[in-house]
Number of protein chains: 2
Amino acid sequence: MTAPARFTAPYSRIPAAVAAAPHGIAALPGAVTKYGRNAEIFGEGDEAEFVYRVRSGTVRVYRILSDGRRMIGSFHFAGDTFGVETGDEHSTSAEAVTDCEIIATPRMAVSRRAEADHAFSHELWQSAVAELAGARKHMLVLGCQSALERVSSFLLEMAQRSSVGGVISLPMSRQDIADYLGLTIETVSRTFTQLTERGAIEVPSSRTIVLRSQAFLRQAA
Amino acid sequence: MTAPARFTAPYSRIPAAVAAAPHGIAALPGAVTKYGRNAEIFGEGDEAEFVYRVRSGTVRVYRILSDGRRMIGSFHFAGDTFGVETGDEHSTSAEAVTDCEIIATPRMAVSRRAEADHAFSHELWQSAVAELAGARKHMLVLGCQSALERVSSFLLEMAQRSSVGGVISLPMSRQDIADYLGLTIETVSRTFTQLTERGAIEVPSSRTIVLRSQAFLRQAA
DNA sequence: CGTACGATTGATCCTGATCAAAGTAAGTGG
DNA sequence: CCACTTACTTTGATCAGGATCAATCGTACG
């Protein structure tokens, strides 16, 4: 229940290379910034100045309880939008899981364009609702699934998002996975071994998962 | 882990009194329908024909896993909008917790108006993002809090939404609370007793909670 | 080569689930 | 009006899944 000061280590904000870059489904004007591994993109309470889009890399969006427990709400991959808020400040924090290129669009530009462009405004709304659907699905996982079910769901989700021929390259650590699934690293690790023993997956290296039986994962989830 | 056929009992859809009624913050044209206690408003997989707003009463929005486990994602009170979807069908089910009056607006009317009215479209988007914020907060609860913390959070949430002078009238059963918090009825009940013993609340009747020490709840949450 | 961080494995503990029973309240029908 | 039903809540006893504590193992890196 207690938690030491994890996650205070390598916050190296790197607002380096900046260039104009209209990119992504909703082509938005925005500056591309590179962030190094574990760099903070924005923090809870920061002014919500921009809306962000992943150009490359992986981002984690999370909140931290007063005692240090961390809950990762979502991972974002290339093409995903994140950091959208209603209020003036961010209600979550965001960090680069891997080295990232992030497109930041000033919020004003977003709302201005939304006013002028119906299609864009609709798309903006859809993206919020889509993220809501994702959050709901995740609530289901957190609220009523066992460790085996959670890890299976996670692997299927990753498989859907970023697998190449049945091989998943996980960009995130066991700690990240644990904080995403509401488990501990030990339990995540044990569950991976269990899935390996049962022939559902292979784990040649800790960040590489080979899917042997998606059927097994599906009925476990 | 297993679950009998709970929640198959009294689904009495009551599409009774229908009348024009522009009401709520975003005055939308819509028909008012009354639903009796436990009546289904829409089910997962149903065509998402309408967007709904609570005029009076309480609604639960939930999903059910194949084995019968139920996760209540949110409760909605007077003035709240629910049932907004991106796709063509509802990804959740909704039921009346108490007798309810619900305003149903045809989806087409919503999107047509959103196209014409920027302010409305903005409001629509804000409501989606606000709900997302709620979902995120709830994920934090489900992902990393203990039973005591969950119940305390819940009570504070209810206090904020619908308390009158430090007295909360819970419209929902222990089972609803349990399914909302990812706990069992027994644990919810025990936690209430524990909070009573510690002087944080009083429970004169099972649906009535008197707040004795919000400070206690806050630091427990 | 040695250090350091992340991942795995093992042993034990504890919270909340499960199983079981009794208590309470609100209707219902005689 | 009261006995009876039924649904909901509370309490008790026990169990189990996952957390915690602790040690070891890899693997990348200086």
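All values below come from the heavy atoms of this structure, side chains included, with hydrogens, waters and symmetry mates left out. Order of the sequence lines sets the chain letters (A, B, ...), proteins ahead of strands, with each chain counted from 1.
Remark: B/Ser146 is not in phosphate contact with C/dT15, judged by side-chain N or O atoms under 4.0 Å from OP1 or OP2.
Put simply, the side chain of A/Glu44 never gets that close to the backbone of A/Arg63: no donor and acceptor are under 3.5 Å apart. The closest donor-acceptor contact from the side chain of A/Thr98 to the backbone of A/Thr58 lies under 3.5 Å.
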Shorter than 3.5 Å, N or O on both sides, protein versus nucleotides 5-11 of chain C: list them out with atom names.
{"residue": "C/dA7", "atom": "OP1", "partner": "A/Arg174", "partner atom": "N", "Å": "3.3"}
{"residue": "C/dA7", "atom": "OP2", "partner": "A/Arg174", "partner atom": "N", "Å": "3.3"}
{"residue": "C/dT8", "atom": "OP1", "partner": "A/Arg174", "partner atom": "NH2", "Å": "3.2"}
{"residue": "C/dT8", "atom": "OP2", "partner": "A/Arg174", "partner atom": "NE", "Å": "2.7"}
{"residue": "C/dT8", "atom": "OP2", "partner": "A/Ser189", "partner atom": "OG", "Å": "2.9"}
{"residue": "C/dT8", "atom": "O5'", "partner": "A/Ser189", "partner atom": "OG", "Å": "3.0"}
{"residue": "C/dT9", "atom": "OP2", "partner": "A/Thr193", "partner atom": "OG1", "Å": "3.1"}
{"residue": "C/dG10", "atom": "N7", "partner": "A/Arg190", "partner atom": "NH1", "Å": "2.9"}
{"residue": "C/dG10", "atom": "O6", "partner": "A/Arg190", "partner atom": "NH2", "Å": "3.2"}
{"residue": "C/dA11", "atom": "N6", "partner": "A/Arg190", "partner atom": "NH2", "Å": "3.3"}

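When each of A/Pro204 and A/Gly182 is assigned the nucleotide of DNA chain D with its nearest heavy atom, A/Gly182 is the one assigned upstream, toward the 5' end.
Note: B/His76 and B/Phe82 have parallel aromatic rings, judged against thresholds of 30 and 60 degrees for the angle between ring planes.
The distance between atom CD of B/Gln194 and atom P of D/dT10, rounded to the nearest whole Å, is 14 Å. At whole-Å resolution of the value, CZ in A/Arg69 and C1' in D/dT20 are 14 Å apart. Between A/Gln145 atom CD and C/dA17 atom P the separation is 15 Å, expressed in whole Å. Summarising the geometry, the separation between CG on A/Leu148 and P on D/dA16 is reported as 18 Å, rounded to the nearest angstrom. When the C1' atom of D/dG17 is taken as reference, atom CD of A/Glu149 falls 12 Å away, rounded to whole Å.
Between B/Phe50 and B/Phe42, the gap from one ring centroid to the other reaches at least 6.0 Å.
Taking all atoms of both residues into account, the shortest heavy-atom contact from B/Arg150 to B/Leu142 is NH2-O, 3.3 Å.
Ion pairing of B/Arg107 with B/Glu47 is absent here, as no side-chain N (NZ or NE/NH1/NH2) approaches a carboxylate O to less than 4.0 Å.
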